[in-house]
Amino acid sequence: MIRLAQIWRYPLKAIGRQKLDRVKLTKGERLPFDRHWAVMHEASAEKLGDADGLDGWMPKSAFLRGAAGPSLQAISGGLSNGKLMLSHPDQADISVDPTKDEDEARLIDWLRPLWPEDKPAPSRLVSGSVPLTDAKNPYVSINSIESLREIEIHVGHRIGVERWRGNLWIEGGEPFEELDWIGREIRIGAARLIVREPIGRCAATAVDTETGRPDRSMVQIVNEKYDHTNFGVYAEVIDGADIAPMDEVIVADAPAPDPNAADGA
């Protein structure tokens with residue numbers, strides 16, 4: 001039996017991580033407050049100009065991210081009572097209200113020592129009308145504990161779930177079987193989702209999340225063993241509900257029908 005094992009969200013893109021006891025999925029939306037804010041660097045902030053927020057989706061290269069600044073991967077914490085509560089092994093803990101200008105300035109100052117000096121500096125805390133996820137569509141990411149364990153056995157040591165920054169972790173299936181679910185409907189508790197596409201991985205997964213230092217290239221390891229660089233899948237919520245760890249995951253035997261296909265096609 002496949003079950004939901006863990007739930008994670010990332011209120012500030014690429015900065016911090018937060019484990020949840022339960023969450024409410026909503027049709028056509030990401031997890032609540034997942035990648036709701038992001039920090040732009042100076043180069044992208046100049047292009048934004050004086051606008052108060054983002055009008056649409058922007059690529060991850062516009063923001064601070066783990067692939068460009070490995071030390072960010074060691075930041076933990078998330079959203080609590082309207083404040084971002086963040087920790088890093090090389091910094092004092094910080095609590096900021098993302099709606100206050102003075103707290104935005106404090107956050108930017110806190111991040112500067114954790115960001116490479118040879119890259120455009122942290123500049124602005126932003127949010128927008130769409131999620132600031134790597135994918136343009138408001139998907140939920142799903143990873144497998146069994147897939148992770150197979151990689152850990154291959155490399156000979158623990159890697160952990162944190163570096164993959166997934167929303168939902170499932171357990172009880174076969175390693176990497178989730179990559180065969182593309183186009184299928186799955187149920188997690190009372191929620192219904194359709195798996196849309198695999199998640200291609202980047203260099204951020206090479207970083208040890210306890211130290212913020214690169215250790216092993218997960219992209220290279222996955223590619224050498226499986227001839228691809230995918231780990232996990234993106235899914236679209238088509239029927240929302242409250243979900244929690246231990247909820248059963250049921251996968252349809254066949255792909256879901258295409259709602260855009262003509263009748264009889």
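In what follows, every heavy atom counts, from backbone to side chain, and hydrogens, waters and symmetry copies are set aside. For reference, positions follow the sequence shown, starting with 1. Model, not experiment: these values are computed from the prediction.
- Taking the charged nitrogens against the carboxylate oxygens, Glu146 and Arg149 do have a contact shorter than 4.0 Å, which makes a salt bridge.
- Side chains of Ser144 and Glu177: no donor on one and acceptor on the other come within 3.5 Å.
- Between Leu4 and Leu168 there is a side-chain heavy-atom pair separated by less than 4.5 Å.
- The two residues Lys13 and Ala38 have their closest heavy-atom pair at CB-CB, 3.8 Å.
- Residues His228 and Val222 are in side-chain contact: their nearest non-hydrogen atoms beyond the backbone lie under 4.5 Å apart.
- Under the 4.0 Å criterion applied to side-chain N and carboxylate O atoms, Asp109 and Arg112 are assigned as salt-bridge partners.
- Taking OG of Ser44 as the reference point, atom CG of Leu64 lies at 8.5 Å (rounded to 0.5 Å).
- Salt bridge absent: Arg163 and Asp208 never bring a charged side-chain N and a carboxylate O closer than 4.0 Å.
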*Test Asp103 against Lys83 for salt bridge (charged side-chain N to carboxylate O under 4.0 Å, His left out), laying out the working first.*
CA-CA 10 Å; Asp103 278 15; Lys83 292 187 176 182; 5.9 Å; no

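- Residues Tyr139 and Trp164 are members of separate hydrophobic clusters, defined by side-chain heavy-atom contacts under 4.5 angstrom among Ile, Leu, Val, Met, Phe, Trp and Tyr.
- Using a 3.5 Å distance cut-off with no hydrogens or angles, the side chains of Ser76 and His88 do not pair a donor with an acceptor.
- Ile75 pairs in a side chain to side chain contact (heavy atoms under 4.5 Å, CB included) with only one of the listed residues (Leu12, Ile94, Leu86), which is Leu86.
- Contact annotation: the side chain of Val251 never approaches that of Val195 to less than 4.5 Å [non-hydrogen atoms, C-beta and beyond].
- Between Tyr226 and Phe176, the ring-plane angle classifies as tilted under the 30° and 60° cut-offs.
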*Starting from the C-alpha separation in whole Å, work towards a yes-or-no answer on side-chain hydrogen bond (donor to acceptor under 3.5 Å, both in side chains) for Asn223 and Thr229.*
CA-CA 5 Å; Asn223 188 49; Thr229 58; 6.0 Å; no

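- Of the residues Asp242, Asp34, Val140, Ile7, the one that meets the side chain to side chain contact (heavy atoms under 4.5 Å, CB included) test with Val23 is Ile7.
- Here the side chains of Arg65 and Leu72 are not in contact, with every heavy-atom distance at 4.5 Å or above.
- Only one option out of Asp134, Asn137, Thr133 pairs with Tyr234 in a side chain to side chain contact (heavy atoms under 4.5 Å, CB included); it is Asp134.
- Only one option out of Arg192, Arg30, Lys27, Arg196 pairs with Glu236 in a salt bridge (Lys or Arg N to Asp or Glu O under 4.0 Å); it is Arg196.
- Donor-acceptor pairing under 3.5 Å is recorded for the side chains of Trp8 and Gln6.
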